There are 2 protein chains.
Amino acid sequence: MKHSELIKGTLSTLILKLLEDKGKMYGYEIAQEIKEQSSGKIQIKEGSLYPALHKLEADGHVWAEEVFLGKRIRRYYHLTQKGKTQSTADLNELRQFLSTISSMVSPQNMLTS
Amino acid sequence: MKHSELIKGTLSTLILKLLEDKGKMYGYEIAQEIKEQSSGKIQIKEGSLYPALHKLEADGHVWAEEVFLGKRIRRYYHLTQKGKTQSTADLNELRQFLSTISSMVSPQNMLTS
DNA sequence: TTTAATGCATCAAGAATCTATGTATTTTTT
DNA sequence: AAAAAATACATAGATTCTTGATGCATTAAA
């Protein structure tokens, strides 16, 4: 098992959570923030991050504010109302899942022996 | 997000954990056990389960004992030594990941605001 | 008797991530 | 001043995993 396998299905939820907390963020910043909050254990690759952001945008969960910094462009992502609703639902589901899995893999677990 | 997306990367670890706890199990039994331990929240489909078992077998993490029940066949899976080692490593990694993600999505989390 | 449950299995499709690659600017180090 | 690292966006192909659908067959329950 590669650690990265475990992130599957959680990335978009993490992004929505961050946007909810911070108000607005750009891609690179999101990757750095996830890396920092996970103490370096979760490092999102660009090939995962940008497609995920584009999908969130296409689905209407976020919108992008384009800011020109000299010649460089920066896309700040913001939550939409739809994204806020989605974030709440996703977080609830993720937390419940984490709770369920945690109980199943806890060292002392032998529920039905 | 579909709930089922979240299971990705955890299924083989769950299977190894169950085999470690129970000694031996057959496919259908594993699916039922996961369903039961998760209070019905995680329901593994055959299309996920059997390929996962076959992969674990091909990788030498489990071996299959074939038992004939009348005309029906049943494949009991057992952990190999390699599988035991893998199980320990996978569980450690999964637990750490769960801990990390949990702290990131906990409601009060605003680590770097 | 017919439906549900048990028990194995595979295949095509869909979804998500990764690696690799590309472009370009800005900051830091040598 | 030059080189290296960090910043910042993006895409394409490959890989991996789960799903839904399907199939076969036996046994238990309605």
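Here is the naming used below: chain letters follow the sequence lines, and residue numbers restart at 1 for every chain. As the structure is a computational prediction, the values presented were derived from the model and not from experiment.
Side-chain proximity of Tyr26(A) to dT19(D), dA10(D), dA8(D): nearest is dA8(D). For Gln32(B), the side-chain atoms get nearest to dT6(C) when compared with the rest of dA9(C), dT6(C), dT18(D). Checking dT11(D), dT10(C), dC17(D) against every side-chain atom of His54(B), the shortest atom distance belongs to dT10(C). Closest approach to the Lys45(A) side chain among dA10(D), dT19(C), dA9(C) is made by dT19(C) (side chain taken as heavy atoms from C-beta onward).
Regarding Lys35(B), its NZ atom lies at a distance of 14 Å from the P atom of dG7(C), rounded to whole Å. Taking atom CZ of residue Arg74(B) and atom C1' of nucleotide dC8(C), one finds them 11 Å apart after rounding to whole Å. We find that OH of Tyr50(B) is positioned 19 Å from P of dA21(D), with the value rounded to whole Å. In this structure, CG of Leu11(A) is placed 13 Å from C1' of dA15(C), rounded to the nearest angstrom. One atom, CD1 of Ile73(A), and another, C1' of dT7(D), lie 15 Å apart when rounded to the nearest Å. One atom, CD of Gln43(B), and another, P of dT18(D), lie 15 Å apart when rounded to the nearest Å. As rounded to whole Å, 12 Å separates atom P of dT7(D) from atom CD of Glu29(A). For Asp90(B) and dC17(D), the CG to P distance is 12 Å, given to the nearest whole Å.
Judged as a side-chain hydrogen bond (donor to acceptor under 3.5 Å, both in side chains), and not counting sequence neighbours, the contacts of Tyr76(B) are Arg74(B). Residues satisfying the side-chain hydrogen bond (donor to acceptor under 3.5 Å, both in side chains) test with His54(A), not counting sequence neighbours, are none. In this structure, Glu46(B) has no side-chain hydrogen bond (donor to acceptor under 3.5 Å, both in side chains) partners at least two apart in sequence or on a different chain.
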Base versus backbone protein contacts along nucleotides 22-30 of chain D [heavy-atom cut-off under 4.0 Å; B, S, -]: ----BS---
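For Pro51(A) against Gly47(A), the heavy-atom pair with the smallest separation is CG-O, 3.2 Å.
When the side-chain nitrogen and oxygen atoms of Tyr28(A) are compared with OP1 and OP2 of dT7(D), one or more of them lie within a distance under 4.0 Å. Side-chain nitrogen and oxygen atoms of Ser48(B) include at least one within less than 4.0 Å of the OP1 or OP2 phosphate oxygen of dT19(D).
Taking NZ of Lys22(A) as the reference point, atom NZ of Lys17(A) lies at 9.5 Å (rounded to 0.5 Å).
Taking a 4.5 Å side-chain heavy-atom cut-off between Ile, Leu, Val, Met, Phe, Trp and Tyr, the cluster of Phe68(B) extends to Ile73(B).
With DNA chain D read from its 5' end, the first of the two nearest nucleotides for Gly27(A) and Ile44(B) is the one closest to Gly27(A). With the nearest nucleotide of DNA chain C identified for both Ala52(A) and Tyr77(B), Tyr77(B) has the one nearer the 5' end.
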Side chains of residues 56-63 of chain A: which donor-acceptor pairs under 3.5 Å do they make with residues two or more places apart or in other chains?
{"from": "Glu57(A)", "atom 1": "OE1", "to": "Arg75(A)", "atom 2": "NH2", "distance (Å)": "2.7"}
{"from": "Glu57(A)", "atom 1": "OE2", "to": "Arg75(A)", "atom 2": "NH2", "distance (Å)": "3.0"}
{"from": "Asp59(A)", "atom 1": "OD2", "to": "Lys55(A)", "atom 2": "NZ", "distance (Å)": "2.8"}

